[in-house]
Amino acid sequence: MLLAAAMSLTCSSSSQTYTLYRNSVVNDSLRVHVATFDAGESEIYNRDICNEVSALMHAKSGPVKLRYWCEKGRYRK
């Protein structure tokens with residue numbers, strides 16, 4: 001019973017996780033991991049924080065233009 005509860009928590013927390021990526025200056029299709037948002041809050045909370053950080057990074061970028069975006073789930077290549 002405890003094992004089932006632990007597995008349930010692991011699955012639900014992973015489904016509530018968002019990851020922030022950016023491209024590379026040299027290779028636009030490269031996915032570079034920036035941050036993972038997996039706070040113990042709701043999926044909406046993690047998504048919103050990820051999107052806020054993405055917007056801040058866009059606003060902060062100088063002469064080198066990088067693209068930032070969020071994807072649901074943990075980091076993957």
Side-chain angles (χ1 to χ4, degrees):
M1 191 179 224
L2 287 174
L3 180 60
M7 288 176 62
S8 155
L9 286 174
T10 302
C11 293
S12 66
S13 66
S14 180
S15 68
Q16 295 176 352
T17 301
Y18 276 78
T19 302
L20 178 63
Y21 297 92
R22 71 167 174 80
N23 67 328
S24 165
V25 176
V26 179
N27 181 353
D28 188 53
S29 64
L30 187 67
R31 300 159 45 91
V32 178
H33 176 257
V34 177
T36 299
F37 300 87
D38 59 356
E41 304 293 330
S42 68
E43 175 183 345
I44 294 168
Y45 177 85
N46 289 323
R47 182 198 64 207
D48 289 351
I49 295 297
C50 187
N51 286 329
E52 283 182 38
V53 172
S54 175
L56 288 170
M57 297 303 281
H58 279 282
K60 185 178 178 177
S61 66
V64 176
K65 297 296 181 195
L66 294 174
R67 229 173 13 96
Y68 291 88
W69 70 95
C70 295
E71 292 181 8
K72 186 174 181 176
R74 296 208 169 273
Y75 168 74
R76 56 186 184 274
K77 289 184 178 189

Indicate the atoms forming the closest heavy-atom contact of [X] with [Y], along with that distance.
X: Arg67; Y: Asn23; answer: N-OD1, 2.6 Å
X: Cys70; Y: Leu20; answer: SG-CD1, 3.9 Å
X: Tyr21; Y: Tyr75; answer: OH-CA, 3.3 Å

Check the angle between the aromatic planes of Tyr68 and His58 and answer parallel, tilted or perpendicular using the 30° and 60° thresholds.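 Because their plane-to-plane angle is over 60°, the rings of Tyr68 and His58 count as perpendicular.
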Excluding sequence neighbours, so at least two apart, what forms salt bridge (Lys or Arg N to Asp or Glu O under 4.0 Å) with Arg47?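 Counting only residues at least two positions away or on another chain, Arg47 forms no salt bridge (Lys or Arg N to Asp or Glu O under 4.0 Å).
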Decide yes or no for [X] and [Y]: does some side-chain heavy atom of the first lie under 4.5 Å from some side-chain heavy atom of the second?
X: Arg74; Y: Asp38; value: yes
X: Arg31; Y: Arg76; value: yes
X: Leu66; Y: Met57; value: no

Atom NZ of residue position Lys65 - does it have more than 12 heavy atoms of other residues, nucleotides or ligands inside 6.0 Å?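 Yes.
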Spacing of CG belonging to Asn46 relative to OG1 belonging to Thr36, to within rounding of 0.5 Å: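 Going from CG on Asn46 over to OG1 on Thr36, the span is 10.0 Å.
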How many angstroms lie between OH in Tyr45 and CZ in Phe37, if you round to the nearest 0.5 Å?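 Going from the OH atom of Tyr45 to the CZ atom of Phe37 covers 9.5 Å.
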Grouping I, L, V, M, F, W and Y whenever their side-chain heavy atoms are under 4.5 Å apart, do Val64 and Val34 come out in a common cluster?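 Yes, Val64 connects to Val34 through the hydrophobic network.
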Passing candidate, side-chain hydrogen bond (donor to acceptor under 3.5 Å, both in side chains) with Tyr18, options Glu71, Lys72, Glu43: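 Only one of Glu71, Lys72, Glu43 forms a side-chain hydrogen bond (donor to acceptor under 3.5 Å, both in side chains) with Tyr18, namely Glu43.
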